[in-house]
Structure formats: structure tokens, C-alpha cells
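Protein chains get the first letters and strands the later ones, always in sequence-line order, with residue 1 at the start of each. Heavy-atom basis, side chains included; hydrogens, waters and symmetry copies ignored.
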Amino acid sequence: MGDWEGVRLHVVTGKGGTGKTTVAGALAMALAAGGRRVLVAEVEERQGLAQLFDVPPLGYDEHRVSSAPGGGEVYALAIQAREAMHEYLDMFYRLGRAGRALDKLGFVDFATTIAPGLRDVLLTGKAYEATRRRTGDRFVYDAIVLDAPPTGRVLRFLDVTTSVSSLARVGPINRQATSITELIHSPRTAVHLVTLLEDMPVQETADVVADLRAAHIPVGAVVVNQVRPAHLKPRELAAARRGRLDSDTIADGLRSAGLPASDDVVGLLTREAADHAERVALERKQRSVVDDLGRPVYELRRQPDGIDPTALYELAETLTEQGAV
Amino acid sequence: MNPAARAHRPPQFDTARLIDDRRIRIVVCCGAGGVGKTTTAAALALRAAERGREAVVLTIDPARRLAQSMGLSELDNIPRAVAGVDTSGGGKLDAMMLDMKRTFDEVVEDHTTPERAKQILANPFYQALSSSFAGTQEYMAMEKLGQLRARSDWDLIVVDTPPSRSALDFLDAPERLGSFLDGRLIRLLGGTARAGGRTYLKLLHAGFSVVTSALTKILGGELLRDVSTFVNALDTMFGGFRERADQTYALLKRPETAFIVVAAPEPDALREASYFVDRLSRDAMPLAGLVLNRVHPSQPGGIGAEQAVAGAERLEAGGSDELTAALLRLHAERLRLAARDERVGERFTSAHPEVPVTHVPALVGDVHDLTGLRRIGDLLS
Ligand SMILES: Nc1ncnc2c1ncn2[C@@H]1O[C@H](COP(=O)(O)OP(=O)(O)OP(=O)(O)O)[C@@H](O)[C@H]1O
Ligand SMILES: Nc1ncnc2c1ncn2[C@@H]1O[C@H](COP(=O)(O)OP(=O)(O)O)[C@@H](O)[C@H]1O
Ligand SMILES: [Mg+2]
Ligand SMILES: [Mg+2]
């Protein structure tokens, strides 16, 4: 049993560029493993998922983008506010063709510009709908993973009640907002945070965890991304930091390896070790801040050659091994 | 490096010469989020000040510790002198952090009567617009830049740009917001539509009832009333928004301005940088060069990556010399990271061979004080 049994909506956020899209994709794959079906959705109209899964640009229909270990399926969707609005106008106001005509006047852009909260409700509303969709008595998707806006904007994005508070007091949008809010505040939702072991992303993670808790939105795991392996033992790290690695030992080793053992080479390796030790020490400090948040922590290694479908598969397996699924 | 690769070497970007050039009055640091725009802007401004220029840096979202070290902990929208700067060369450094809402308020106050201004500032729609709208931050950064330039307290203004996902937002968002505020639909709501092309008007009137009824259904009467009061109160300023944005935009095209594009050696960041460079050249805006920040340094003259891995494997197989084996692994990893950075950087350069580039290595810790900024300043030149 994984850490997120019973969670239907996984929201992935983090500081910009830390790896939200990548982690959302890997998590979807991990959750789909063993014959399940999972939907991963993006909301920022950037085609990040298409790039990640190496498929043509995604539209507003759900496409199968990957298989998962042990025969599961990952579907992906790029939620667009404009399309969500039309769907909604069709469904509740039967505006049909007239709804599309409004586009000529820039209606959707205009409405979502004067009421940015409307955009958020439309986007989260679509994800909400996907969590509930059924064929017969079965859910269509076993879980939904949402590649959400970055930490700075995620609270506003999830705070659907406030988003609609400036809109029409009655009507389908408000009714739906109530249900979305209920889902987001329930144990069926988990908001996962992606971070690097650097000052700014960790700081933002800590801030957003506090904010989520204050808003009574369930905090999921912290995913520490792009971790680089520690090559030295603790005692060596301490020595390396102080520039006290033994040059003779290093030179002997180089000779045994059949490599040049000049002072220059030894000096270079020692300096690199000092840098490395310094970095490890700083990362440890950040890691302890992460640990203090009291949430499950998963570590994903930095893939030296970037992310391709194979690397993504590996990241998914790592998440599973660490208890995410 | 082979000779073919050397042929692709970009011109060296000389930031020291740039900031010493007294004809340069504005430096704008652009790039995707998190690449080091704020750091670069602050480091350049500090360096310029310590080389005798009267500089001000407009930061947008500095990291907390950096802000503290520059005395920016209070967000009061006024440039203040930074303590600890070496002013013996006759220069100075002021710094400020943008408060977009305050800047917006000031624009309103400067352009209308006190009563009107009060009305606008109290309007709920205005409050949302000025504090949380997409594009407002970019617009207000431009606005602030225009204001700073209009004063004669500094001879160099270094501007950081908002942490947008796209560097282009800095150039496009003000125009977008300006058009929105001056746009027909919003004027229609305010009942102030002016003739704007016959057919369009016809279409508007035909569609108008559908539009307003749909808007009312979805957005509710209250919001629409707020928007409408806002629009009417703002009527005297209409046109003003776009005009102001246009003025600053024009400022950015003058030869006294220099754009610096900051990027990390990552495909995404460099793709952004590429778009931005193309855009600058299309709009005839003066690009000074690219700062490739947080590059993994490669030390020449050591052992090659493959050689290092082979050596480590030999030692590991023998079960001896664990320390050396680990150091060799570490060395190989660093070389691989450096090689990857170089490949990614070369891709940019082959698309933009004329753009001068400078590399700033990734420091071990982050940059959170004047000492750190001086170090980045040194590495930049
Ligand atoms: N574990 C990893 N190893 C190597 N590269 C990674 C890893 N995780 C992410 N990356 C790379 O880092 C970059 C940023 O990742 P990604 O696009 O997932 O971040 P993001 O948080 O979604 O960014 P944004 O805020 O722009 O949406 C990408 O180039 C991605 O391939
Ligand atoms: N060359 C560098 N070496 C190490 N850390 C750096 C370097 N450049 C920037 N940083 C750090 O990276 C983080 C993001 O930098 P910042 O300038 O705030 O980016 P941006 O303004 O583009 O979002 C900060 O913590 C900063 O200290
Ligand atoms: Mg993303
Ligand atoms: Mg910044």
C-alpha cells in the first residue's frame, strides 16, 4: 500500500523550474503501474506534458500518452480555460453556437481577464469533473494528477471559494465551486511540493506548506528533485571541506589506477572535493528544513542527460520504491 | 576543443565595458524565471556604483536574504541608499523593490482629481486589477522605470524583470493590459464606447445584449457594476494607459538602453533566451549580450571523463583506494555536467552567432549579500 491510498486528486506544485511537470508525469506513471488508468492534466497552456511525453501538442481531449510499468495507462490533457468555458456554457446555458460566436468579441478572454478567479474555477472544475467521471459503476480514472501553477500562485488557484465570491452569487458556477472546494479540502486530495535543495525553493516550500495547512488543504509529499549523489563518506567530506584530504593517498590511488598523479591533478581533485563537500553541507541544511515539515519525502536523482521517456520511467519507479504507490 | 567548435565561439560579452560606458543609462535584465536575473541586475548595479556611477537598481522579487542584505526589507516603493557600498570612486547605489499596487495607485493619483482617485482606489475591481492581475507587474515595472528615468538622481538604472514564465511577457504584458483597459468591451460596459470602425460597432451592438446577458449570468451584476463604475471614473485616463506603456517602450529602443538576457544552461531557459533575442532584433531593441549563469565550470588540464571513470572502476574492482575512486567519480560527473552545459550553450550560439556571451559559474552557495554580489560582478567581467 502506498502513501496515498484513497487520494483521487494529486496536485503537484513547487517553485518555477524545480520539476513540477516532470514529477507530475512520473507520479502519474507510478500511480498507473499495475494496470490502472491515470489522467495527468496541465493548466497553464504551455504544452509541458506533450514535451515531457514526447507526443504532439495536446488538445482539450484526453490522449493516451504512455504505458506504465506492469501494464497501466497514462492519459494526458491540456485544460484550456476557453474550452472549459464553452463546455460549461453548453452544459448549463445551452448556448451552443451562440457561445462560440461570443469568441469573436473576445468574450472568454474578456470575462477571464476581468474575473481571473473564473479562470481558476473553470480549470479546477475540469479536473474535478475528471475525478468523478464514471463508466457504469467504475471510475474512468483511478487518479488525476494536476500539474498546477507554481507555489506563488497555487493557493489562489485552489481557493475556489474566494475565486467565485466576486462572481454571480447563484448559478451553476457557484454550485460547482462548492463541490470543488469540498474535494480540495478532503482526504481525497493531496498537494505535493517539488523542491530543489536550494535556499529559495526550500523557503517557498516551507511557506506554502504553512499556507496550505492554514487553509486546511491536505499537504502531500515533498519531492526533493535533481539530487546529486554524495560521493564521499562523512569523514572524508569533513576533511575535504577543510582542505585536509591526504594528497599522498590520492596520488597513490591515481598511480594504482594508472593515471597521471601530478600535483596539478591532485590539487584539482582536492579542490573539486572541497566544493562538493561544501555543497553537500548546504544541501544537508536544506534537507533538514524539508524533514522538519513532517511530510513524506521522496528523492529523485538528477538525470545526467536530461529527461526522456526512459528517464521518466526510472523516476516513476523511484517514486514507487520510496513508498509513493 | 576541436577547431570546428572553436569557430563557433561567440564574441565575449564585456559587461565591465558596458557599465563603464556613460552613454548607457538603462540596463534591463531579462530571462525566464529563476535563472538569475535579480542576482545579475544587483551585481551589475553594485559594480557600476563601485566604479563611480550613480546607480539605482529596481528589483522585483529578490530572494529574502538578498533583499535584507541590501536593506530592502521594507517594501516602500522608494529607492534607498544601500549600506556597505564602496563610494570612494564617487558613485552611489540606491535600491528599491517594486510594489506594483502602490505604483498603480500613484499612476491613478497623478492623473486625475483627488476625489476621482479616491473613488477609483476604493473600487473592488480596481483593487483586484492592481494587486493580482496577470501583466500588472510587468506593466508597473515599465511604469516605474519610466518614472526613475524621468528623475535626474541617477546616471544608470538597472532593471530586474518580473519572474514570468516567458521573458517576452516583460515586453508584451504592458501592451496587453493597456489594450484591455482601453479596449472596446470594457468601454462598452462603462457605456463609453466610441466609434471604432463601423462594422465592428454593428457587430458589437448585435452581440452586445448576448454578451452582457452572458456576462451577467456568469460574473454577476455586482462585478459588472464595479467594472462599469471603474471605467467611468477612469474615463479621463483612458488612452493614458496605452500611451504611457508606449512611451516606456520607446525608451527601451533608444541607444542609451542595453538589454541583457540571462539564461541558465538548460534547454528551456535557452529556448526562452532565443525567442527573446529574436524579438529584440525584430523590434530593433539594443541587445548587449547573453549571461549564461550557473554554468558548471570545467577545469582544463586534468583527466578526461572516460579516463576518470575507467580509473575509478579499476580501483573499485581492486577494492582499494576508495577515496581516490570517489574523487575520480566526482571529477567525471563534473566534466559531464560541464560538457552538457557547453553543448546546450553551443546550440544557442549556432543559432545566434553574433550575440556576445559571458559565462558565470555556479557558485557553491546562493548569492545573498554584497560580498556574493561582488563575486558575481567579478565573474561577469
Ligand atoms: N530529476 C531530474 N533530472 C534531470 N533533469 C530534470 C529532473 N527533473 C526535472 N528536470 C529538468 O528540469 C527542467 C525543468 O523541469 P520541469 O519543466 O518539470 O519544471 P517545472 O517546475 O514544471 O517548470 P515550470 O515552472 O517552468 O513549469 C526540465 O528541463 C526538466 O527536464
Ligand atoms: N552564479 C550563481 N551561483 C550560485 N547561485 C546563484 C547564481 N546565480 C543565482 N544564484 C541563486 O539562484 C537563485 C535564483 O536567482 P535569482 O537572481 O533570484 O533569479 P531570478 O531573478 O531570475 O528569478 C538565488 O537563490 C540566487 O542566489
Ligand atoms: Mg511545468
Ligand atoms: Mg527575480
Determine the sole option in H231(A), H276(A), E272(A) for which the side chain to side chain donor-acceptor pair (under 3.5 Å) test with H331(B) is passed.
E272(A)
With a 4.5 angstrom heavy-atom cut-off, is it the side chain or the backbone of L224(B) that approaches chain A, or both, or neither?
side chain
Measure distances from E266(B) to the heavy atoms of chain A and classify the residue's part below 4.5 Å as side chain, backbone, both or neither.
side chain
Check each atom of R334(B) against the heavy atoms of chain A and say whether the ones under 4.5 Å are side chain, backbone, both or neither.
side chain
Between L330(B) and chain A, which part of the residue has a heavy atom less than 4.5 Å away: side chain, backbone, both or neither?
both
To the nearest 0.5 Å, what is the distance between CG on D275(A) and NE2 on H296(B)?
11.0 Å
Side chain / backbone / both / neither for E222(B) at chain A, heavy atoms under 4.5 Å:
side chain
Stepwise, does the side-chain contact (heavy atoms from CB on, under 4.5 Å) test hold for L254(A) with I303(B)?
CA-CA 10 Å; L254(A) 285 171; I303(B) 301 166; 4.0 Å; yes
Counting only non-hydrogen atoms closer than 4.5 Å, does T216(B) touch chain A with its backbone (N, CA, C, O), its side chain (CB onward), both, or neither?
backbone
I114(A) versus chain B, heavy atoms under 4.5 Å apart: side chain, backbone, both or neither?
both
side-chain contact (heavy atoms from CB on, under 4.5 Å) assessment of L328(B) paired with L259(A)
CA-CA 10 Å; L328(B) 286 169; L259(A) 292 169; 3.8 Å; yes
Between E204(A) and R64(B), is the closest basic N to carboxylate O distance under 4.0 Å?
no
So what's closer than 4.5 Å to chain A heavy atoms on A128(B): side chain, backbone, both or neither?
neither
Side chain, backbone, both or neither: which part of D226(B) has a non-hydrogen atom closer than 4.5 Å to chain A?
neither
Best-contacting candidate, R153(A), K15(A), M85(A), R228(A), against chain B by heavy atom pairs under 4.5 angstrom
R228(A)
Checking heavy atoms, do the side chain of L323(B), its backbone, both or neither come under 4.5 Å from chain A?
both
Does E333(B) reach the side chain of P229(A), with side-chain heavy atoms less than 4.5 Å apart?
yes
Roughly how far apart are D366(B) CG and D199(A) CG, rounded to 0.5 Å?
4.5 Å
Should L337(B) and P304(A) count as side-chain neighbours, where that means a heavy-atom distance under 4.5 Å?
no
Is the shortest side-chain heavy-atom distance between R65(B) and Q203(A) below 4.5 Å?
no
